[in-house]
Amino acid sequence: MSQSAPSPAAPPARPEKESEDAFDRLVSEGRDRLARPFLPLLSVGLLGGIDVSTGVLAQLLVLGATGSHLVAGLAFSIGFVALLLARSELFTENFLVPVMAVVARDGTVAALLRLWVVTLVANLASGWVLMWLVVQGLPGLRATAVESGTHYATLPIGLESFCLAVLAGVVITLMTRMQHGTESTGVRIVPAVLFGALLAGGQLFHSVLDSLLVFAAIHSGADVGYGDWLPRLGWSALGNLTGGLVLVTAVRLLRVPHRVAEARREDG
């Protein structure tokens with residue numbers, strides 16, 4: 001007589017302790033992020049925009065000096081290292097940690113949407129100010145800013161740009177997952193550098209990073225405006241969400257379905 005297949009939510013015969021520990025850490029941190037009061041949330045979002053802006057500044061400086069997007073991408077990773085060490089918030093870094101908490105019923109969808117909206121708006125607001133300071137304080141970067149920002153402000157909305165946005169979401173979410181696989185700050189810096197360089201050097205379509213480049217171009221007098229930027233912000237954000245949530249977070253959850261089921265039972 002054949003035996004029935006085990007339930008996907010049943011604990012595996014040989015549990016992967018590392019994966020289960022990482023799941024617990026993600027849910028715990030996600031719960032804290034979702035419960036953060038408005039002003040602290042606004043603060044870390046504003047700081048996140050400032051941190052990424054330092055990376056954009058480094059990127060423009062190196063791109064202007066070398067003409068190499070790959071080398072400039074490596075310089076941009078300064079911004080991701082700052083995000084990590086300062087523990088500030090970037091919109092696209094919230095496609096894994098708080099989502100895990102919501103899946104485990106340690107948070108609500110409404111709280112997740114609040115986190116996404118406040119973080120994105122705060123990132124863009126502080127980034128807009130920092131980009132103004134950059135082009136006013138370093139006018140020699142204006143030509144580079146115009147070239148880089150115009151590229152993204154005029155990127156056709158279609159399959160190619162959507163795929164670039166999906167890849168950006170995958171890259172950022174993988175970086176977040178790798179950083180939460182260890183408690184060592186030194187080890188966490190490695191994916192911040194590698195994936196930051198891949199994101200900027202590969203000219204992927206990232207909702208915050210490329211918005212800051214467009215802001216820098218606008219501040220520098222480029223022949224593009226906010227009407228060009230806004231629809232591309234929505235398109236890139238949609239692609240980032242698709243890459244982060246569908247191709248990384250959802251697949252990641254398939255590795256620990258029993259832990260998800262256990263967390264939901266404990267909540268119930």
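Among L198, L204, L199, the single residue meeting the side-chain contact (heavy atoms from CB on, under 4.5 Å) criterion with L167 is L204. A ring-ring contact (aromatic ring centres under 6.0 Å, His included) with F215 is found for one member of Y152, W132, W229 and no other, namely W229.
The nearest pair of heavy atoms linking G45 to A122 is C-CB, 3.5 Å. Taking all atoms of both residues into account, the shortest heavy-atom contact from M178 to F195 is SD-CE1, 3.2 Å. Taking all atoms of both residues into account, the shortest heavy-atom contact from G149 to A217 is CA-CB, 3.7 Å. When all heavy atoms of G30 and A101 are compared, the closest pair comes out as C-CB, 3.7 Å. Closest non-hydrogen pair, G243 versus V170, comes out as O-CG2, 3.5 Å. Across S220 and A216, no two heavy atoms sit closer than the pair OG-O, 2.7 Å.
The closest side-chain heavy-atom distance from L74 to V193 is below 4.5 Å. Residues T154 and V224 meet the side-chain proximity criterion, which asks for heavy atoms closer than 4.5 Å. With a 4.5 Å cut-off on side-chain heavy atoms, F162 and L238 count as touching. Looking only at side-chain heavy atoms (C-beta outward), I172 and F80 come within less than 4.5 Å of each other. For the pair E93 and Q179, the minimum side-chain heavy-atom distance is below 4.5 Å. You'll find the side chain of T249 stays beyond 4.5 Å of the side chain of V103, heavy atoms only. Using a 4.5 Å heavy-atom threshold, the side chains of L90 and V208 count as touching. Annotation: side chain of V251 is not in contact with side chain of L247 (no heavy-atom distance under 4.5 Å).
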Working for side-chain contact (heavy atoms from CB on, under 4.5 Å), residues L60 and L213: CA-CA 9 Å; L60 291 174; L213 289 171; 4.0 Å; yes

Evaluation steps, side-chain contact (heavy atoms from CB on, under 4.5 Å), between M175 and R188: CA-CA 9 Å; M175 180 189 75; R188 289 183 175 188; over 6 Å; no

L57/L138 under side-chain contact (heavy atoms from CB on, under 4.5 Å): CA gap, chis, key distance, verdict: CA-CA 10 Å; L57 169 58; L138 297 166; 3.6 Å; yes

Audit row: V214, L233, side-chain contact (heavy atoms from CB on, under 4.5 Å) steps and yes/no: CA-CA 10 Å; V214 174; L233 169 64; over 6 Å; no

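In summary, the side chains of S207 and N240 do present a donor paired with an acceptor at a separation below 3.5 Å, with no hydrogens or angles considered.
When the shell of 6.0 Å around CD of E160 is examined, it contains 12 or fewer heavy atoms from other residues, nucleotides or ligands. Atom CD of Q203 has more than 12 neighbouring heavy atoms from other residues, nucleotides or ligands inside a 6.0 Å radius. Counting non-hydrogen atoms of other residues, nucleotides and ligands closer than 6.0 Å to CG of D32 gives a total above 12.
Between the side chain of D106 and the main chain of V27, no donor-acceptor pair closer than 3.5 Å is present. With hydrogens and angles disregarded, a donor-acceptor distance shorter than 3.5 Å links the side chain of R232 to the backbone of L155. Not a single donor-acceptor pair under 3.5 Å links the side chain of H206 to the backbone N or O of A200. S53 places a side-chain N or O within donor-acceptor distance of the main-chain N or O of G49, the cut-off being under 3.5 Å. When atom types are taken as modelled, the side chain of R142 and the backbone of V135 share a donor-acceptor pair closer than 3.5 angstrom. Using modelled atom types, one side-chain atom of T182 and one backbone atom of S184 make a donor-acceptor pair closer than 3.5 Å. With D210 contributing its side chain and H151 its backbone, the two residues share no donor-acceptor pair below 3.5 Å.
The distance from atom CG of L63 to atom CZ of F76, rounded to the nearest 0.5 Å, is 13.0 Å. Distance OG/S211 to CE/M131: 11.5 Å, rounded to 0.5 Å. With values rounded to the nearest 0.5 angstrom, R114 atom CZ is found 8.5 Å from L34 atom CG. Here the straight-line distance linking atom CD1 of I218 with atom CG of D228 works out to 7.5 Å at 0.5 Å rounding. To the nearest 0.5 Å, atoms CG (N94) and CZ (R33) are separated by 5.0 Å. In this structure, H219 NE2 and Q136 CD are separated by 8.5 Å, a value rounded to the nearest 0.5 Å.
No continuous path of hydrophobic side-chain contacts links V52 to I78 [ILVMFWY only; heavy atoms under 4.5 Å]. L96 and V187 are not part of a single hydrophobic cluster, where members link through side-chain heavy atoms under 4.5 Å apart. Note: the hydrophobic cluster containing F38 also contains L120 (ILVMFWY, side chain heavy atoms under 4.5 Å, direct or indirect links). Criterion: ILVMFWY side-chain heavy atoms under 4.5 Å apart, direct or through other members. Under it, V134 and L209 are part of a common hydrophobic cluster. Residues I50 and L84 fall into different hydrophobic clusters, defined by Ile, Leu, Val, Met, Phe, Trp and Tyr side chains chained together at heavy-atom separations under 4.5 Å.
With sequence neighbours left out, the side-chain contact (heavy atoms from CB on, under 4.5 Å) criterion links L241 to F95, W116, L245.
Pairs engaging residues 59-88 under the side-chain hydrogen bond (donor to acceptor under 3.5 Å, both in side chains) rule: D51-S88 [sequence neighbours left out].
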